[in-house]
Amino acid sequence: MKPSTQAKWVTYKEVPLWCCDLGGLGSDHPRLLAEIAAAQVVIDQQVENSLLIAVVLTDAALTPEIVAFFNTNARHPHRPIRKMAILGVSDFQRFWYRRVKHVSWPQKSKFFDDWERAKDWLVTEGF
């Protein structure tokens, strides 16, 4: 049986946001892969510069699959991501992930600790 995913569309201030929660999956590798695959399918279907996405990494180990997810979307040929809010990554982790794990965050990404602030930022016009 295929594992179900947590990834889903939510509407905030009448704007659709794609939400992908990769946090807290621990050693459940099949579920992590399902979450990443579900998120990537939606990302790949979007037109250029249209997708507002939130990715939750709270309590997530930075696995090679998560690194590949971010690196793929940082270099996506059609650039569907308009803005990406990344939740649950400290300043130190961000530095460590970039320098040691070689993570490339998508160009229009911003980091948040608070889900409400992330949603507000995603639906605003400016970066």
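Since this is a predicted model, take the numbers as computed values, not measurements. These values consider heavy atoms only, across backbone and side chains, with no hydrogens, waters or symmetry-generated copies.
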Inset, instruction - State plainly whether one hydrophobic cluster holds both I36 and V103, where clusters connect Ile, Leu, Val, Met, Phe, Trp and Tyr through side-chain heavy atoms under 4.5 angstrom apart. - result: yes
Inset, instruction - Describe, in one word, how the ring planes of W105 and F70 are oriented to each other, choosing from parallel (under 30°), tilted (30 to 60°) and perpendicular (over 60°). - result: perpendicular
Legend entry - Set of side-chain hydrogen bond (donor to acceptor under 3.5 Å, both in side chains) partners for S104, sequence neighbours left out: R75
Inset, instruction - Ignoring hydrogens and angles, tell me if any N or O in the side chain of T124 forms a donor-acceptor pair with the backbone of W121 under 3.5 Å. - result: yes
Legend entry - Presence of salt bridge, D120 and R117, under 4.0 angstrom: no
Inset, instruction - Can you label the angle between the F92 ring and the F95 ring as parallel, tilted or perpendicular, going by 30° and 60°? - result: tilted
Inset, instruction - Determine, for K8 against D21, whether the closest basic-nitrogen to carboxylate-oxygen distance falls under 4.0 angstrom. - result: no
Inset, instruction - Decide whether D44 and H76 meet the rule of one side-chain donor and one side-chain acceptor closer than 3.5 Å. - result: yes
Inset, instruction - Return yes if a side-chain donor-acceptor contact under 3.5 Å exists between S109 and K83, otherwise no. - result: no
Inset, instruction - Kindly determine whether Q6 and R31 satisfy side chain to side chain donor-acceptor pair (under 3.5 Å), including the steps that lead there. - result: CA-CA 9 Å; Q6 300 178 111; R31 191 157 166 221; 3.2 Å; yes
Inset, instruction - Check whether more than 12 heavy atoms from other residues, nucleotides or ligands sit under 6.0 Å from atom CG of D113, and answer yes or no. - result: no
Legend entry - E65 and H29: CA distance, side-chain angles, deciding distance, side chain to side chain donor-acceptor pair (under 3.5 Å) verdict: CA-CA 10 Å; E65 295 84 5; H29 197 252; 2.9 Å; yes
Inset, instruction - Without swapping roles, check the side chain of R79 against the backbone of A74 for a donor-acceptor pair under 3.5 Å. - result: yes
Legend entry - Neighbour count >12 (heavy atoms, 6.0 Å) for atom CG, D59: no
